[in-house]
Trainee: 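Okay, handing you the structure first.
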Number of protein chains: 2
Amino acid sequence: MAGQRRSPTQVDVARRAGVSQATVSLVISGGALGNQVAESTRQAVLQAAAELGYTVNAVARSLKGGRNRMLGLYTFEPVFPVDQRDFYFPFLLGVEEATAAYGYDLLLFSSAGSGGDRRIYAGGVNRLKVADGCVLLGRHLHRDDLAELAKEDFPFVFVGRREVPGVELSYVAADYVGATSEMVAHLARLGHRRLAYLKVTDDREWTRDREAGFRQGLVAAGIPDDQVRVFAMDERAALSAVRLQDWLAAGITAVLVEPTDDDSAIVALENAAAEAGVRIPDDVSVAVLGDPPLSEATARDWTRFTLPREQMGREAVRILLELLNDNVSARQLYLDCTQVAGDSVTELPE
Amino acid sequence: MAGQRRSPTQVDVARRAGVSQATVSLVISGGALGNQVAESTRQAVLQAAAELGYTVNAVARSLKGGRNRMLGLYTFEPVFPVDQRDFYFPFLLGVEEATAAYGYDLLLFSSAGSGGDRRIYAGGVNRLKVADGCVLLGRHLHRDDLAELAKEDFPFVFVGRREVPGVELSYVAADYVGATSEMVAHLARLGHRRLAYLKVTDDREWTRDREAGFRQGLVAAGIPDDQVRVFAMDERAALSAVRLQDWLAAGITAVLVEPTDDDSAIVALENAAAEAGVRIPDDVSVAVLGDPPLSEATARDWTRFTLPREQMGREAVRILLELLNDNVSARQLYLDCTQVAGDSVTELPE
DNA sequence: CTGAAAGCGCTTACAG
DNA sequence: CTGAAAGCGCTTACAG
């Protein structure tokens, strides 16, 4: 078994077909140039290649700058570990589906390591280049990795809006601004005109976008700033029952919660409510600005919006191929979220 | 945009550090050889590399090494379409996990087409060879593709037992023989000594293995052949209510069902039982020989055994790397299934 | 301890 | 229409 026989190269094929290696290259992967080859020569080469079981070496081709019909998927967090699966899997599905539809293969850069902190340039090596281009995914990215990638002019598209100073990135993002603004409108229509906004302090694109949408929604609904409370939560400042009661005393009737990558913000709110003896939605309405994975405890039909995750994956691939084939510059795409009515928001009596 | 500036190479670093390119290679990735370099030289190189933002080009490195550090995953059926996800996803998880653990990347051959009938040798070329080796998956394989692959000496491992005449394949399989035999023993312990065996006619490895396990279990339990009914189901011969009643009249107390890739066999049995007014498990016990995806209708806690799917995926990768690195010949591995008590089998009163 | 050189398998101008 | 040649960025004997 296992002759460990090195696989045939174009030189081998050339020898067998009685032509030069360059000619073999031309017929195997010449594209337009391949048409210059005489039909008889082409047949001889193809036959020799088939007889030897020749396949082109993707690495050599990449090195030279050729294409491999391979798209990469790089994630800054491991996609497969149990707690992240539900969140990331739909993106993966979308990416895989579109990749297949366009006739490409999908390279999962799992070698980056299963540890939490993944780097594109781990050990000073950029693996990504074996692929023709790459879809990037994950919240805990490294901006300098992205800057470096962009500097190298390697085609990539991020799933989710990402800003890197001085670099114009391509991405496919959920329209958090619109979805949040729409949520405010929804609440306003139900009579809620005094709102609290519970956010995480982490100053990230999605945090800023939602807050911008919130402000925009306030303006559209004609709700003045003094009717609003904004509270930023972090490790040191959790939401207390006292604060929640303060809000209610001040006339707040609805809370908008920005979820992080888990349901901790929601849990915090529920705990505060339980402690304060406040019922949802009877005493206060709650709208969740997204659809994070929920643990057993928080599993209820929250009023929320969902991200078009599979579609985001698909569109990222589509844009990546545009970057690749049409030589266009960076592109940004926003996709609509879907509002889900849920049962954590109720109409306010006049 | 697009500085089009190519990223720095070892030549650039060498120039800046005033040494040769070979020396740069030695300190960047020399391994043991790297220790020969004088400390001052090494520092100069490292500094120059840092200043230029040099990163090793993994593609060039692989070319020289002959390996890609890429493992492939090829599936004869699409893995991602909705109806197959639950069944195939755990295999994928296992494969991905192990691939990552060993520091390889995983290439999903999605380009094969999303159609049902996938071929390895599409267009006469074996695309799989872009990877160092490949894990294969799927029930509806093409034996000649496998034979051809083996002939090419390309390293691959099948998930599931597969036989191809004249070829010794590597695979990681569930031990259907043991699991089925154990199920018979379980039934016998509960007093069932007259059994019916409902199988699909399709003459495949897993069908034969389960039947072998059944026979083996009968012998071990001392159940003679004349206490047993075997019925092979196909499109033309479904299980009828009449036949089921015949069985009960003949004293049969338990039925073993071989599921196909869906729950159709189970559905057939349930329908026959419903029509005949036979209750499960009160009137007849039912054991399912596997854990197929169940539709809503059949979702109950069947007495069954489950395949160690993730583990199968992991082990397939491990064996593939043995094939790759240790130059060993074909290997077969059987993994234990897990018996699940369920509620579709009941003890027989003395 | 360091450098010159060959070569991994390909693509792509450039001659003929 | 085809071939000779350069070069992609690296690693690794081999000299010195």
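Note on naming: letters A, B, ... go to the chains in the order of the sequence lines (proteins, then strands), and numbering restarts at 1 for each one. Atom set for the values below is all heavy atoms of this structure, side chains included, hydrogens, waters and symmetry mates excluded. Small disclaimer: the values here were computed from a predicted structure and weren't measured.
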Trainee: Compute the centroid of each ring, for B:Phe89 and then for A:Phe89, and state whether the two points are separated by less than 6.0 Å.
Mentor: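 Yes, the ring centres sit under 6.0 Å apart.
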Trainee: Can a side chain N or O of A:Ser29 be found less than 4.0 Å away from OP1 or OP2 on C:dT11?
Mentor: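 Checking A:Ser29 against C:dT11: at least one side-chain N or O falls below 4.0 Å of OP1 or OP2.
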Trainee: Let me know the distance between CG of B:Leu52 and P of D:dG9, rounded to the nearest Å.
Mentor: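 Interatomic distance, CG of B:Leu52 to P of D:dG9: 14 Å.
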Trainee: For a quick test of reading the model: is some side-chain N or O of A:Arg61 closer than 4.0 Å to OP1 or OP2 of C:dG9?
Mentor: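 Answer no for this pair, as no side-chain N or O of A:Arg61 is under 4.0 Å from OP1 or OP2.
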Trainee: What distance do A:Glu97 atom CD and A:Arg314 atom CZ have between them, rounded to the nearest 0.5 Å?
Mentor: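 Here the interatomic distance stands at 5.0 Å.
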Trainee: When you measure from the side chain of B:Ala38, which nucleotide among D:dC10, C:dC1, D:dC1 comes out closest?
Mentor: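 Looking only at heavy atoms from C-beta outward on B:Ala38, the closest nucleotide is C:dC1.
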Trainee: Counting side-chain heavy atoms from CB outward, which of C:dG9, C:dA4, D:dA4 is closest to A:Ala22?
Mentor: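 Of the options given, the side chain of A:Ala22 lies nearest D:dA4.
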Trainee: In whole angstroms, how far is the C1' atom of D:dG3 from the CZ atom of A:Arg15?
Mentor: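 Value for this atom pair: 16 Å.
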Trainee: Among D:dC10, C:dT12, D:dT2, which nucleotide has an atom closest to any side-chain atom of A:Thr23?
Mentor: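 Minimum distance to the A:Thr23 side chain belongs to D:dT2.
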Trainee: Figure out the CD/C1' separation between B:Glu39 and C:dC1, and round it to whole Å.
Mentor: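 In whole Å, C:dC1 C1' lies 13 Å from B:Glu39 CD.
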Trainee: What are the two closest heavy atoms between A:Leu71 and A:Ala131, and how far apart are they?
Mentor: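 The answer is C-CB, 4.0 Å.
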Trainee: Does the structure show a Watson-Crick or G-U wobble partner for D:dT2, both distances under 3.5 Å? Name it, or say none.
Mentor: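 Its partner is C:dA15.
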Trainee: Side chain of B:Gln10: nearest nucleotide among D:dA5, C:dA4, D:dT11?
Mentor: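 Closest of the options to the side chain of B:Gln10: D:dT11.
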Trainee: Select from A:Arg42 and B:Val11 the residue whose nearest nucleotide in DNA chain D is closer to the 5' end of that strand.
Mentor: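 The residue closer to the strand's 5' end, by nearest nucleotide, is A:Arg42.
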Trainee: Rounded to the nearest angstrom, tell me the gap between atom CD in B:Gln43 and atom C1' in C:dC1.
Mentor: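 From B:Gln43 CD to C:dC1 C1': 16 Å.
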Trainee: NA contact type, A:Val56, heavy-atom cut-off 4.0 Å: base, sugar-phosphate, or nothing?
Mentor: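 A:Val56: backbone/sugar contact only, no base atoms under 4.0 Å.
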Trainee: Considering only side-chain heavy atoms of A:Ser20, which listed nucleotide, D:dT12, D:dG3, D:dT2, is closest?
Mentor: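 Taking heavy atoms from C-beta onward, the closest nucleotide is D:dG3.
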Trainee: In this structure, how many angstroms lie between the P atom of C:dT11 and the CD atom of A:Gln21, rounded?
Mentor: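 Value for this atom pair: 8 Å.
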Trainee: Quick one: which of D:dC10, C:dT2, C:dG9 gets closest to the side chain of B:Thr41?
Mentor: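 Out of D:dC10, C:dT2, C:dG9, the nucleotide with an atom closest to B:Thr41's side chain is C:dT2.
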Trainee: Taking all non-hydrogen atoms of both residues into account, name the closest pair between A:Pro8 and A:Tyr54 and its distance.
Mentor: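 Taking A:Pro8 first and A:Tyr54 second, the nearest heavy atoms are O-CD1, 3.2 Å.
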Trainee: Taking all atoms of both residues into account, what is the closest heavy-atom pair of B:Arg42 and B:Val37, and its distance?
Mentor: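 It is N-CG1, 3.9 Å.
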Trainee: Nearest to the side chain of B:Leu26 - C:dT11, D:dT12, D:dT11?
Mentor: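 Among C:dT11, D:dT12, D:dT11, the one nearest the side chain of B:Leu26 is D:dT12.
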